[in-house]
Asks: 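Can you keep this structure in mind? I'll have questions shortly.
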Amino acid sequence: MLDRIGTKWMSMAVKVLAEASPGEVRFGELQRGMTGISQKMLSVTLRGLTRDGLVGRRVEPTVPPRVYYRLTPLGLTLVEPLAVLRAWAEAHMVEVDLANRRSEEEAAVDA
């Protein structure tokens, strides 16, 4: 489960959908709110969130079809834990980057 909800795109999708809650978001709006995500990766992410019961999907039978997404009650329970995790990551980003650089330098010396 952590592999599925811990990804960058899943977390960002939940954040954008939470900001719209209790409303719905169309695919294009969601993509604009998730800078850097490709259409394919957003589709894969939304399919996973929908399959896991975290996101609801509604299709209007128009041409072309209008597809709307929203967090389910289960998805809403994930908003706070992900916000805490994002805050931790932001607070410790510099330390983690320094540790990564040190590790890379040590690996280069050992090579």
Side-chain angles (χ1 to χ4, degrees):
M1 188 69 198
L2 286 176
D3 289 344
R4 293 199 301 269
I5 62 171
T7 69
K8 169 185 176 179
W9 298 123
M10 292 272 190
S11 175
M12 197 178 292
V14 169
K15 181 179 187 276
V16 172
L17 289 167
E19 290 168 353
S21 187
E24 298 175 310
V25 179
R26 290 194 57 196
F27 187 92
E29 280 180 86
L30 196 50
Q31 189 172 20
R32 282 189 294 280
M34 297 174 63
T35 305
I37 194 167
S38 68
Q39 186 171 344
K40 180 178 179 179
M41 181 47 88
L42 180 55
S43 293
V44 168
T45 300
L46 288 169
R47 235 185 330 256
L49 287 166
T50 301
R51 181 189 63 239
D52 291 339
L54 302 171
V55 168
R57 180 177 185 267
R58 181 174 66 86
V59 180
E60 283 186 1
T62 58
V63 178
R66 288 188 176 151
V67 183
Y68 297 87
Y69 298 91
R70 62 171 171 67
L71 288 177
T72 63
L74 180 61
L76 287 168
T77 67
L78 192 54
V79 173
E80 189 176 330
L82 286 177
V84 170
L85 185 56
R86 271 192 305 278
W88 180 90
E90 290 169 5
H92 297 284
M93 192 178 338
V94 172
E95 294 168 79
V96 171
D97 286 344
L98 286 171
N100 279 310
R101 270 191 240 122
R102 272 190 239 114
S103 180
E104 289 170 2
E105 291 168 1
E106 290 171 5
V109 169
D110 292 340

Asks: Output the distance between atom CG (Leu46) and atom OH (Tyr69), rounded to the nearest 0.5 Å.
Replies: 5.0 Å

Asks: Under 3.5 Å, is there a donor-acceptor pair between the side chain of Ser103 and the main chain of Ala99?
Replies: no

Asks: Mind checking what makes salt bridge (charged side-chain N to carboxylate O under 4.0 Å, His left out) contact with Glu60, not counting sequence neighbours?
Replies: Arg58

Asks: Look at the side-chain heavy atoms of Ile, Leu, Val, Met, Phe, Trp and Tyr, link any pair under 4.5 Å apart, and say whether Leu76 and Tyr68 land in one connected group.
Replies: no

Asks: If you compare all heavy atoms of Gly33 against all heavy atoms of Val16, which two are closest, and at what distance to 0.1 Å?
Replies: O-CG2, 3.5 Å

Asks: For residues Leu49 and Ala13, report the shortest heavy-atom separation together with the two atoms involved.
Replies: CD1-CB, 3.8 Å

Asks: Say you draw a straight line from CZ of Arg32 to CZ of Arg26; how long is it, rounded to the nearest 0.5 Å?
Replies: 9.0 Å

Asks: Is Val67 reachable from Leu71 through a run of I, L, V, M, F, W or Y residues, each pair having side-chain heavy atoms under 4.5 Å apart?
Replies: yes

Asks: Do Val59 and Leu17 share a hydrophobic cluster, counting only Ile, Leu, Val, Met, Phe, Trp and Tyr and linking them when any side-chain heavy atoms are less than 4.5 Å apart?
Replies: yes

Asks: Mark yes or no for whether Thr50, through its side chain, and Gly56, through its backbone, hold a donor-acceptor pair below 3.5 Å.
Replies: no

Asks: Could I get the full list of salt bridge (charged side-chain N to carboxylate O under 4.0 Å, His left out) partners for Lys8, not counting sequence neighbours?
Replies: none

Asks: Just verifying a value: how many Å separate Ile37 CD1 and Trp9 CH2, rounded to the nearest 0.5 Å?
Replies: 5.0 Å

Asks: Under 3.5 Å, side chain of Glu95 to main-chain N/O of His92, donor-acceptor pair present?
Replies: no

Asks: Drop me the distance from Met12's CE to Arg86's CZ, to the nearest 0.5 angstrom.
Replies: 8.5 Å

Asks: Which distance, rounded to the nearest 0.5 Å, do you find between the CG of Leu78 and the CE of Met10?
Replies: 10.0 Å

Asks: Hey, what do you get for CG (Leu42) to CZ (Arg47), rounding to the nearest 0.5 Å?
Replies: 10.0 Å

Asks: Shortest non-hydrogen contact from Val25 to Ala20?
Replies: CG2-CB, 3.2 Å

Asks: Got more than 12 heavy atoms from elsewhere within 6.0 Å of CE, Met34?
Replies: yes

Asks: State whether Glu19 and Lys15 are salt-bridged, where the test is any N-O pair (Lys NZ or Arg NE/NH1/NH2 against Asp/Glu carboxylate O) under 4.0 Å.
Replies: yes

Asks: Minimum heavy-atom separation for Thr77 to Leu74, with atom names?
Replies: OG1-O, 2.5 Å

Asks: With distance as the sole test, does Ser21 use its side chain to make a donor-acceptor pair with the main-chain N or O of Gly23 at under 3.5 Å?
Replies: no

